[in-house]
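Working notes, beginning with the structure itself.
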Amino acid sequence: MGRVETILDVLDEMFPSAQCELVHNNGFELLVAVMLSAQTTDESVNKLTKSLFKKYRTPSDFANADLAVLEQDLRTIGLFRNKAKNLKTMAMMLLEEYNGEVPSSQVELEKLPGVGRKTANVVLSVWFDVPRIAVDTHVERVSKRLKLAYLNDSVLKVEEKLMRKIPMNRWSDTHHKMIFFGRYHCTAKRPNCDQCKLKELCRYPHI
DNA sequence: ATCCCGAGGG
DNA sequence: CCCTCTGGAT
């Protein structure tokens, strides 16, 4: 059995139902939650959005918000000043250019402030069901440890290699399984190598 | 390459 | 104390 097949089998067995853990009720809430999740655990994001989405329900609510107030409402997560500014401007752009709707193309999404390739890929994949692999810190670390990419590959290079090696109809679920694997098992610090079924395929501790 | 930046874990 | 968390803009 090939390396990729082995990895997919083990991931299927470990996390049969991995999915997006950011709580959201619509595409706009998902976009906001993903923007908030940069350098922040989704647990912290969910704790925040639980109250945030009661106060800010629509793009208009963010667009019309006083920036200083919005900053204070985001104070419990990292990078809150950047995120407040980006959310307000993003919401204004949705109203002006997209009739208040979240655009469904990569190019349009990446025009929004604070939205880069990773965030756009998550929205496309999770909300619009477009096959994408969003490479975040977990996916990058796991991919490099399991030799699906070289250590000096950029995140874009990692994404290209994953798309080439993994069947397209497996991109979405495998992405989430790699997230879970990285978050709960193959952690950045002190990974659980003892009972890891992928130990033989791994270059750790050399990254 | 560097900055932004709070919460949680070890 | 230090490191990490589903990054993006400059």
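Below, read A as the first sequence line, B as the second, and so on, with proteins coming before strands; counting in each chain starts at 1.
- In summary, A:K144 and A:D153 do not engage in a salt bridge, as defined by a charged side-chain N under 4.0 Å from a carboxylate O.
- If you check every strand for non-hydrogen atoms under 4.0 Å, A:R75 touches sugar and phosphate atoms only.
- One interatomic measurement links the two molecules: CZ of A:R81 to P of B:dC4, which rounds to 9 Å at whole-angstrom precision.
- The structure places CD1 of A:I179 at 13.0 Å from CD of A:Q19, a figure rounded to the nearest 0.5 Å.
- Take the nearest nucleotide of DNA chain B for A:S44 and for A:N82: the residue whose nucleotide is more 5' is A:N82.
- On the nucleic acid side, DNA chain C has its first and last nucleotide under 4.0 Å of a heavy atom of chain A at C:dC3 to C:dA9, going 5' to 3'.
- Atom-to-atom, CG of A:N46 to P of B:dG8 comes out at 14 Å; the value is rounded to the nearest Å.
- We find that CZ of A:R190 is positioned 10 Å from C1' of B:dG9, with the value rounded to whole Å.
- Taking the P atoms as reference points, C:dT6 lies 22 Å from B:dC4, given to the whole Å.
- C:dG8 and B:dA7 have their P atoms separated by 22 Å, with the value rounded to a whole Å.
- Residues A:H138 and A:R141 bring a donor and an acceptor atom of their side chains to less than 3.5 Å of each other.
- Nucleotide B:dC3 holds its P atom 14 Å from the CG atom of A:L79, rounded to whole Å.
- B:dG6 atom P lies 14 Å from atom CG of A:L48, rounded to whole Å.
- Going from atom CD of A:E71 over to atom P of B:dC5 covers 8 Å, rounded to whole Å.
- Across all strands shown, A:K47 has heavy atoms under 4.0 Å from sugar-phosphate atoms exclusively, and none from any base.
- The 5' end of DNA chain C is approached more closely, in terms of each residue's nearest nucleotide, by A:C20 than by the other of A:C20 and A:V115.
- Side-chain polar atoms of A:Y184 and A:N192 form no donor-acceptor pair below 3.5 angstrom.
- In the model, A:S37 has no side-chain atom that pairs as donor or acceptor with a side-chain atom of A:T40 under 3.5 Å.
- Using a 4.0 Å cut-off between a side-chain N of Lys or Arg and a carboxylate O of Asp or Glu, A:D42 and A:R183 qualify as a salt bridge.
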